[in-house]
Structure formats: C-alpha cells, structure tokens
Amino acid sequence: MPPLVISLLLRSDQQETDLQWKSIVAFNIINIVGAVGIALIFLTALCARSLSRWKEWYLLLFMWFMTTISHLLLIGSQSVENPPIRWCLFQATMVYASHPSTALAAVAFVIREWLTVRSIVHKTSMKFLSTTTNHLLFISPFILWISIMIGLIMIASADISQIRRSPTGMYCYSSSSIPIGISLGLELLFLAIIIVFQVWVLIIVINRWKTARMSLRSNSKGITLATIIRLTCFALGLLFCVGLVVLSLTFESSEYESQLNVALASISVVVFVVFLQTDMLRVWFPCVCRNSKHRSPAILPLS
C-alpha cells in the first residue's frame with residue numbers, strides 16, 4: 001500500500017478517535033452537571049421547611065438522578081477495550097433497569113397530576129386511589145429496577161461474553177436482544193400510559209376553560225388555570241424525555257449512537273432546569289429574593 005494512502009488512513013483513524021473522545025468527554029461532563037444539579041434541588045426541597053413537594057416529585061427526581069449516575073459508572077474504563085467484566089455487567093444492568101424504572105416514576109407523577117387537576121375542576125377529593133394503591137405505585141419503580149437487574153444478571157451469567165463495552169466507549173451493553181427488548185418494551189408501555197393521562201388532563205383543562213373562561217381555584221390552595229397549564233407542559237416535557245430514551249435504545253449501535261447518547265445525557269440538565277423553581281431560589285438567595293411577592297402553591301411541584 002502506498003505511503004500516502006497509509007498516512008491518510010492513519011490520519012482518518014486519529015480524527016475518528018479524537019471525535020469519539022470529544023463525545024465521551026461531553027457525555028461525562030453533561031451527566032456530572034445534571035447529577036450535581038438534580039442532587040442539589042432534591043436536597044434543597046428535602047431540607048428546607050418552607051418547601052413542599054409531592055412524594056411523586058421526589059420519586060421522579062431520585063430516579064432521574066440514579067439514571068444519570070448509571071451513565072457515569074464506566075468513567076475510568078471508557079478507554080479500555082475490555083473493562084472489568086463484573087463491573088461492566090453491573091453498569092449494563094443499571095442502564096437497562098434505570099430507564100424503564102424512571103419512566104414508571106413518570107407514570108406515577110402524571111397520575112398524581114391527573115388526580116390534582118380532577119380534584120380542582122370537579123371539586124372532589126383526591127383520594128380516588130386507595131392508600132395501598134398509592135403506596136404500591138410509589139414503590140413500584142424500585143421493585144421494577146431490582147427485578148430487571150436481578151433478571152438480567154441471571155441471563156448474562158449464562159453467557160458472560162455477551163457483555164461488552166459499547167463501540168462509543170460510553171457504557172457497557174449486552175449483545176443479546178433480551179435486555180434491550182425488555183427495557184424498550186416496558187418504556188413503550190409506560191409511554192403509552194403517560195400519553196393517555198396527559199391527553200385526559202388536557203381534555204379536562206380545555207373543557208373547563210371553554211365553560212369557565214376564568215381562573216380555576218381550589219378552596220384552599222389557590223391554584224390557577226395558568227398553574228395547571230404549566231404543570232401540563234412540565235409533564236409533556238417528561239413525555240419528550242422518555243421518548244428520547246426510547247429513541248436512543250432503538251438506534252443503539254448505529255452511526256448516530258454517540259450523538260443520541262449525548263442528547264440523552266442532556267436530559268438530566270433539562271430536568272435540573274425544569275425542577276429549579278422560584279421558591280428554591282428564595283431559599284438559596286434569601287436576600288435577593290426577600291422582596292418577591294410570588295409564592296408557589298404548596299401542592300404543586302411547579303413554580
């Protein structure tokens with residue numbers, strides 16, 4: 001082979017390697033920023049007595065945090081062709097389990113949203129679900145997470161060679177179609193449930209708006225129609241996030257995998273920005289926000 005051709009091939013390989021490393025660095029930095037931001041607002045809401053949030057709000061935030069952490073577990077081994085197999089297996093199962101579990105947490109959130117809007121519009125009690133069902137809905141993402149991890153570890157243990165580092169170098173994955181099938185199937189199911197409840201909420205709000213043409217307020221919480229609309233837009237953002245996860249799993253191992261992974265990592269930053277609200281800013285900067293007259297309704301997770 002002529003020296004010029006060899007030189008061009010080596011230069012092309014070097015450029016491809018540099019581009020891959022830039023993608024890996026961007027993937028890691030975005031995930032770290034998102035994880036730190038999510039942890040900060042979670043702890044702020046948990047520790048500040050002046051803040052009140054739904055338990056589903058905490059659940060969804062915690063699940064997004066764990067999903068972000070699962071993406072970072074391969075740091076230090078992303079340049080290694082064959083990372084430690086047991087750690088690679090753990091990281092792969094964490095990724096496959098975290099995505100559908102977070103989607104299930106989003107389902108719990110939109111159900112709570114639906115119950116809130118329903119109680120406001122129809123002036124009924126929010127206790128539509130029994131206490132047992134509420135508790136079950138809250139712990140179901142954790143149960144799903146553990147179940148998927150145990151199941152995938154058992155499947156992979158039969159043939160550990162199917163666990164390997166992704167060509168992008170960002171995480172480990174399984175060459176078997178079973179883990180991706182389970183994760184993708186569950187996410188599509190939860191995505192459908194989210195769509196149903198979001199459409200339901202929109203129908204309720206639009207019908208009420210047509211008949212009332214005025215702010216909707218509960219007897220005690222002072223919740224306006226504008227707040228409900230913001231809440232709906234927030235949950236639609238969750239829908240977009242889950243959809244992006246489904247897209248990234250569908251096109252796994254494609255030429256667009258690196259770009260999709262970076263886009264997927266950016267969700268954690270979007271979650272941080274959306275969950276960061278004015279009442280939290282008042283906690284962080286009491287002197288700056290001391291004179292603000294705006295107060296977020298305690299029942300809602302949006303400012």
Aromatic ring centroids of Y58 and F42 under 6.0 Å?
yes

Within the 3.5 Å criterion, strictly below it, is a donor on S175 or Q162 matched to an acceptor on the partner's side chain?
no

If Ile, Leu, Val, Met, Phe, Trp and Tyr residues are connected whenever their side-chain heavy atoms lie under 4.5 Å apart, and connections chain through other members, are Y96 and M154 in the same group?
no

Side-chain contact, heavy-atom cut-off 4.5 Å: T102 with P141?
no

Nearest 0.5 Å, what's the CE-CG distance between M170 and N31?
9.5 Å

With the side chain counted from C-beta on, respond yes when I69 and M94 share a heavy-atom pair under 4.5 Å apart, and no when they do not.
no

Side chain to side chain contact (heavy atoms under 4.5 Å, CB included), that's the test. Do L72 and Q91 meet it? Break it down for me.
CA-CA 9 Å; L72 294 169; Q91 200 261 350; over 6 Å; no

Nearest heavy-atom contact between I194 and A103 is CD1-O, 4.1 Å

So which heavy atom on A105 is nearest to which on L59, and how close?
CB-CG, 4.0 Å

Examine distances only and state if a side-chain atom of S98 and a backbone atom of V95 form a donor-acceptor pair shorter than 3.5 Å.
yes

same_hphob_cluster(L40, M63) at 4.5 Å side-chain heavy-atom cutoff
yes

Could you check if a side-chain atom of E187 sits within less than 4.5 angstrom of a side-chain atom of I182, using non-hydrogen atoms only?
no

Show me the pairs that pass side chain to side chain donor-acceptor pair (under 3.5 Å) and involve residues 35-51, at least two apart or across chains.
T44-W284

Close side-chain approach of F138 and K55, heavy atoms under 4.5 Å:
yes

Determine the interplanar angle of the H99 and H71 rings, folded into 0 to 90°, and report it as parallel if under 30°, tilted if 30 to 60°, perpendicular if over 60°.
perpendicular

Quick one, I267 and W64 - any side-chain contact, counting heavy atoms below 4.5 Å?
yes

Looking only at heavy atoms, the pair that brings L186 and P100 closest together is CB-CB, 3.8 Å

Can you give me the closest heavy-atom contact between I163 and S174, atom names plus distance?
CD1-CB, 3.8 Å

Step by step, would you call W87 with F90 a ring-ring contact (aromatic ring centres under 6.0 Å, His included)?
CA-CA 5 Å; W87 185 249; F90 176 72; 5.5 Å; yes

Can you find a pair of side-chain heavy atoms, one from L61 and one from V271, that are under 4.5 Å apart?
yes

How far apart are the C-alpha atoms of F272 and V36, what are their side-chain angles, what is the distance that settles it, and do they pass the side chain to side chain contact (heavy atoms under 4.5 Å, CB included) test?
CA-CA 9 Å; F272 165 66; V36 171; over 6 Å; no

Between CD1 on residue I111 and CH2 on residue W200, distance to nearest 0.5 Å:
10.0 Å

Gap separating the CD1 atom of I24 from the CG atom of L74, nearest 0.5 angstrom:
9.0 Å

If you group Ile, Leu, Val, Met, Phe, Trp and Tyr by side-chain heavy-atom gaps below 4.5 Å, do V196 and W114 land in one group?
no

If you compare all heavy atoms of M149 against all heavy atoms of T93, which two are closest, and at what distance to 0.1 Å?
CE-OG1, 3.4 Å

Beyond-backbone contact of P83 with R165, side-chain heavy atoms, under 4.5 angstrom
yes

Exactly one of I153, I146, L152 should register a side-chain contact (heavy atoms from CB on, under 4.5 Å) with I150. Which one does?
I146

Rounded to the nearest 0.5 Å, what's the gap from CD1 on I32 to OG1 on T68? Could you check?
11.0 Å

I'd like to know if L281 and V273 are part of one continuous hydrophobic network [Ile/Leu/Val/Met/Phe/Trp/Tyr, side-chain heavy atoms within less than 4.5 Å].
yes

Here the gap from Y171 atom OH to S166 atom OG, rounded to the nearest 0.5 Å, amounts to 4.5 Å

Passes side chain to side chain contact (heavy atoms under 4.5 Å, CB included), F275 versus M280? Steps please.
CA-CA 9 Å; F275 276 73; M280 287 188 179; 5.8 Å; no

Please answer: with hydrophobic residues joined when any side-chain heavy atoms are less than 4.5 Å apart, are I160 and I148 in the same cluster?
no

Got a second to check how far S101's OG is from F62's CZ, nearest 0.5 Å?
11.0 Å

Between Y173 and R164, does the side chain to side chain contact (heavy atoms under 4.5 Å, CB included) criterion hold? Intermediate values first, please.
CA-CA 6 Å; Y173 77 108; R164 61 194 66 172; 3.5 Å; yes

Side chain to side chain, W54 and F109, heavy atoms closer than 4.5 Å
yes

